[in-house]
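Input: a single structure, listed below in structure tokens.
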Protein chains: 2
Amino acid sequence: MGSRVEKETPLRRDARRNREMLIAAAREIYSDQGVDAPLDDIARRAGVGSATLYRRFAGRAELIEAVFGDSLRDILRAAEEARSAPDAWAGLTAYLERIFGLLAADRGTNDLMTTGIQGVPSLDALRAENHKTLDVLLRRAQQQGAARPDVTAEDLQFLLAALGRAVPGSTVAAPLAWRRYLALLLDGLRPEGSHPLPAPSLTSDQLGAAMLQLGKVRRPRTGRAD
Amino acid sequence: MGSRVEKETPLRRDARRNREMLIAAAREIYSDQGVDAPLDDIARRAGVGSATLYRRFAGRAELIEAVFGDSLRDILRAAEEARSAPDAWAGLTAYLERIFGLLAADRGTNDLMTTGIQGVPSLDALRAENHKTLDVLLRRAQQQGAARPDVTAEDLQFLLAALGRAVPGSTVAAPLAWRRYLALLLDGLRPEGSHPLPAPSLTSDQLGAAMLQLGKVRRPRTGRAD
DNA sequence: CACTAACCGGGGGAATCTCTCCGGTTAGTG
DNA sequence: CACTAACCGGAGAGATTCCCCCGGTTAGTG
């Protein structure tokens with residue numbers, strides 16, 4: 001993986017152009033179909049052969065990194081910013097609303113944030129930042145009496161992934177339905193009328209394992225002969 | 001798809017035996033891997049050729065029906081029973097706990113109840129009964145002041161599917177973690193400290209479409225969505 | 001115990017997807 | 001404008017999975 005010196009051999013103009021076309025095509029297709037979309041589809045959409053795709057990117061993870069690197073960095077910055085809200089609950093709400101908006105708008109971003117995709121450096125950074133943000137805001141909200149004290153950042157991450165994963169389904173018919181479910185989730189996090197939670201929260205490692213599983217869902221086929 | 005069952009031609013003994021072996025094998029494999037497991041795997045586990053499987057069952061849906069018919073009928077009865085609880089909230093809680101227990105224990109049942117698999121008659125009956133149960137219990141709980149008035153049965157079904165879909169992931173590392181998340185969800189449904197919900201609830205049709213999407217991870221056929 | 005309709009498993013075609021090989025083409029330079 | 005290293009796309013190998021065809025086998029009957 002050590003191709004740290006790409007600068008000394010600049011790509012020829014046609015190669016560079018194809019690389020851009022591939023990234024643009026991947027961005028569109030990922031947005032519609034998610035990051036599991038066939039790589040051949042992406043190559044075709046870019047108007048190049050599949051060999052060219054594999055020549056420019058070692059595999060799916062590297063293409064994802066190229067496509068989402070920038071937008072993930074944007075989210076990262078938003079997370080950092082959210083942490084500075086004086087009213088922690090308001091900050092948490094705004095942050096989650098922003099995240100859900102992204103999950104609803106782009107299937108690829110959704111896959112990235114709700115499953116345990118491995119091998120994308122920017123994604124690891126985002127996950128760490130996301131955890132930190134939720135942890136900080138939740139703790140502060142708890143101190144401020146706005147959030148129930150027995151809920152953890154891992155709980156929030158799990159629920160975010162679980163709900164987020166379902167969002168694209170509802171988005172087809174009702175683009176803004178996610179607001180309703182996020183509001184319901186948030187109300188469950190408030191201290192008023194809360195009942196003690198059973199079972200311990202997931203550990204960070206357990207959460208990672210759970211999210212890895214979330215991605216491994218293959219589609220059930222039921223009607224084959226149509 | 002008129003599969004008029006001809007009871008007048010009873011299966012030969014070897015054929016009947018193979019049929020039972022196939023159902024038993026499918027039950028085990030579905031439980032581990034979900035209902036999208038390769039049919040060839042099931043045939044191999046049953047010790048027969050794949051042709052035998054296709055000879056006994058028209059396709060995946062018919063095998064699912066044969067495997068889960070009985071257990072689905074059990075759930076159906078439990079639903080009917082839950083509706084008669086005097087304390088609607090207690091009934092609702094008990095019902096959801098029962099459902100989540102099943103979703104956590106069996107991946108096949110999970111697929112059946114959290115996605116929009118088509119072509120399985122028992123499943124359609126179960127979905128109808130499930131909706132009715134949630135609707136009745138929720139309304140009664142609202143009248144009794146135990147549930148917030150602005151939540152609908154469709155909301156509950158959506159959240160049930162969304163959370164249920166994520167349960168198997170957490171089950172690997174922490175078998176009882178789902179209790180925690182169900183408790184959190186339930187607290188969000190209580191009237192104390194609830195805030196008005198934005199956006200309208202999904203309609204029944206929209207919910208159906210959303211659940212259909214939950215199962216589909218990959219793109220449809222060549223070209224358009226079906 | 002012989003007969004035959006029903007049954008059986010393996011093998012293979014078709015579709016899909018990942019990744020590589022190879023002969024032809026082109027960008028950039030002297 | 002000629003040269004060549006870099007680049008290109010199509011074709012295809014290999015894997016996976018659904019589904020059916022075909023020649024051999026067996027359960028049940030007279």
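A, B, ... follow the sequence lines: proteins, then strands. Residue 1 opens every chain. Please read these numbers as outputs of a predicted model, since none were measured by experiment.
For A:Leu53 and D:dG10, the CG to C1' distance is 15 Å, given to the nearest whole Å. In this structure, CG of A:Leu11 is placed 11 Å from P of C:dG28, rounded to the nearest angstrom. A:Phe57 has its CZ atom 14 Å from the P atom of C:dC19, to the nearest Å. In this structure, B:Arg45 atom CZ and D:dT17 atom P are separated by 16 Å, rounded to whole Å. At whole-Å resolution of the value, CG in A:Asp36 and P in C:dT16 are 17 Å apart.
Each of B:Gly49 and B:Asp40 lies near DNA chain C, and the nucleotide nearest B:Gly49 is the one positioned closer to the 5' end. The nearest heavy atom of DNA chain D to B:Ala58 and to B:Arg12 marks one nucleotide each, and the one closer to the 5' end goes with B:Ala58.
Taking side-chain N and O atoms only, B:Arg13 has no distance below 4.0 Å to OP1 or OP2 of C:dA6. Contact between the side-chain N/O atoms of B:Tyr54 and the OP1/OP2 oxygens of D:dC20 is not found at any separation under 4.0 Å.
Comparing C:dC17, C:dG9, D:dC18 by their closest approach to the side chain of B:Pro38 singles out D:dC18. Considering only the side chain of A:Ala51, C:dC21 comes nearest among C:dT18, C:dC8, C:dC21. Nearest to the side chain of B:Ser50, among D:dT17, D:dC8, D:dC19, sits D:dC19. When each of C:dG9, D:dC8, D:dC19 is scored by its nearest atom to the side-chain atoms of B:Leu39, the top-ranked nucleotide is D:dC19. Among the nucleotides D:dG9, D:dC7, C:dG9, the one closest to the side chain of A:Val48 is D:dG9.
Using a 3.5 Å distance cut-off with no hydrogens or angles, the side chains of A:Asp74 and A:Ser71 do not pair a donor with an acceptor. Side chain to side chain, B:Thr114 and B:Asn110 meet the donor-acceptor criterion of an N or O pair below 3.5 Å.
Atom CG in B:Asp155 sits 7.0 Å away from atom CG in B:Leu202 (nearest 0.5 Å).
Nearest heavy atom pair, residue B:Asp106 against residue B:Tyr30, reads OD1-O, 4.4 Å. Taking each heavy atom of A:Ala153 and A:His131 in turn, the nearest pair found is CB-CE1, 4.0 Å. The heavy-atom pair separating A:Leu53 from A:Ala43 by the smallest distance is CD1-N, 4.1 Å.
The side-chain heavy atoms of A:Leu163 and B:Leu159, taken from C-beta on, include a pair separated by under 4.5 Å. The shortest side-chain heavy-atom distance between A:Leu156 and A:Val151 does not fall under the 4.5 Å cut-off.
No donor-acceptor distance shorter than 3.5 angstrom exists from the side chain of A:Ser31 to the backbone of A:Arg27, with no hydrogens or angles considered.
Within residues 14-22 of chain B, the residues that have a heavy atom under 4.0 Å from DNA chain D are, in order of number, B:Asp14.
Side-chain atoms of B:Arg44 and base atoms of C:dG9 include no donor and acceptor less than 3.5 Å apart.
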Distance-only criterion, 3.5 Å: show the donor-acceptor pairs between side-chain atoms of residues 13-23 of chain A and protein atoms not counting sequence neighbours.
from    : atom 1 : to      : atom 2 : distance (Å)
A:Asp14 : OD1    : A:Arg12 : NE     : 3.2
A:Asp14 : OD2    : A:Arg12 : NH2    : 2.8

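Every stem involving DNA chain D, taken as at least 3 paired positions in a row under the Watson-Crick or G-U wobble test at 3.5 Å, is listed here: C:1-30 with D:1-30.
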